[in-house]
Colleague: 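Take a look at this one; I'll ask things after.
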Amino acid sequence: MKNILTIDLEEWFHANYHENIFDNQNSYEVRIVQNTKRLLSLFEEYNAKATFFVLGFVAEKHPQLIRDIAALGHEIASHGYGHQLIYEQTPDEFKTDVSKAKTLVEDIIGTSVKGYRAPSWSITPKSLWAWEILQELGFIYDASVFPIETYLYGLPSAPRFPHHPKHEGRLLSLLEVPSSTVRIFNQNIPFAGGFYFRVLPYPIISQCIKAVNKEGQPVLVYLHPREIDPGQPRLKLSLKESLIHYYGIRSCERKLIRTLKEYEFTSIAQYYEL
């Protein structure tokens with residue numbers, strides 16, 4: 001069966017560890033273009049399609065890059081504008097950020113944007129109200145939930161597979177497409193993207209993909225362009241944050257290539273015929 005490939009299209013410095021990371025971001029080195037072109041080349045080589053969750057900040061600076069991605073048959077979705085955590089915004093601030101980003105990207109590609117993913121999976125028990133706003137803004141699906149719990153994100157009570165969420169007792173038409181996990185000893189264990197993809201040996205990742213597929217479900221793989229870029233500048237982070245952000249960067253592209261060789265991938269919109 002086909003699985004789902006997603007890319008959070010953001011720069012190497014877009015992280016949510018502490019607020020001053022984004023200070024003077026307009027002066028940072030640009031790496032998004034070369035990294036994205038490398039990903040696009042790999043996807044073409046292995047006949048994979050992906051959903052690109054485009055950060056408005058990136059789209060505003062590199063509109064032709066967004067057009068190029070769309071022209072190759074990949075889905076363009078939204079990652080908001082400023083890469084701020086939802087639960088640190090008010091509902092009005094969140095709505096303004098996402099509406100701005102959605103309009104910006106739709107103007108660039110000339111078609112509607114169906115999906116959204118929150119920065120750092122930040123739909124948590126503190127920000128479930130965001131679903132209502134996304135539905136109001138015309139999104140068909142959301143891919144912001146990670147059904148685990150970490151210090152930064154997580155909604156451990158969420159179903160592992162796509163569903164229509166409830167908010168304040170009301171069933172929403174919005175489709176929630178959560179990040180993939182395997183169920184081990186009554187725990188949801190992540191494996192399919194970001195730090196988890198970088199830290200786990202490929203045979204374990206492959207076995208987890210097969211396990212989820214045996215449940216009749218696609219695996220949702222997610223990566224960031226910076227994760228195939230060992231030459232990127234380094235942010236000043238704590239030891240814990242540095243480990244999460246940079247561990248396995250040198251081997252990530254090789255691991256991605258093995259995954260693309262072994263499995264077929266498509267976008268969220270194509271898989272669910274949205």
Colleague: Give a yes or no answer on whether the side chain of Trp12 reaches the backbone of Glu29 with a donor-acceptor pair at less than 3.5 Å.
Modeller: yes
Colleague: Looking only at atom types and distance, does a side-chain atom of Ser267 sit under 3.5 Å from a main-chain N or O of Thr51, one as donor and one as acceptor?
Modeller: no
Colleague: From the options Val98, Leu174, Ile133, select the one residue that forms a side chain to side chain contact (heavy atoms under 4.5 Å, CB included) with Tyr116.
Modeller: Val98
Colleague: Has Glu11 got a side-chain atom pairing as donor or acceptor with Arg31's backbone, closer than 3.5 angstrom?
Modeller: yes
Colleague: Has the side chain of Ser122 got a donor or acceptor atom that lies under 3.5 Å from a matching backbone atom of Ile86?
Modeller: yes
Colleague: Do Glu253 and Arg38 sit within salt-bridge range, that is, some charged N less than 4.0 Å from a carboxylate O?
Modeller: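 Yes, this pair counts.
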Colleague: So that I can tick it off, tell me whether Asp8 and Arg117 are bridged by a salt bridge, with the cut-off set at under 4.0 angstrom between side-chain N and carboxylate O.
Modeller: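 Yes, charged N to carboxylate O under 4.0 Å.
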Colleague: Does the Ser206 side chain pair with the main chain of Tyr202, one donor and one acceptor, at a distance under 3.5 Å?
Modeller: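 A pair under 3.5 Å: no.
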Colleague: Angle between ring planes, Tyr153 versus Trp121, binned at 30° and 60°: parallel, tilted or perpendicular?
Modeller: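 Tyr153 and Trp121: tilted rings.
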Colleague: Can Glu75 and Lys114 be counted as an ion pair, charged N to O under 4.0 angstrom?
Modeller: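 No.
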Colleague: Output yes when Glu215 and Arg160 qualify as a salt bridge under the 4.0 Å nitrogen-oxygen rule, no when they do not.
Modeller: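 Judged by the 4.0 Å cut-off on N to carboxylate O distance, Glu215 and Arg160 do form a salt bridge.
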Colleague: Between Glu106 and Lys102, does any side-chain N to carboxylate O distance fall below 4.0 Å?
Modeller: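 The answer is yes: the pair qualifies as a salt bridge.
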Colleague: Is there a donor-acceptor contact under 3.5 Å from the side chain of Arg198 to the main chain of Gly193?
Modeller: no
Colleague: For Lys210, is there an ion pair with Glu262 - N to carboxylate O distance below 4.0 angstrom?
Modeller: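 Yes, this pair counts.
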Colleague: Under 3.5 Å, is there a donor-acceptor pair linking the side chains of Asn35 and Arg226?
Modeller: no
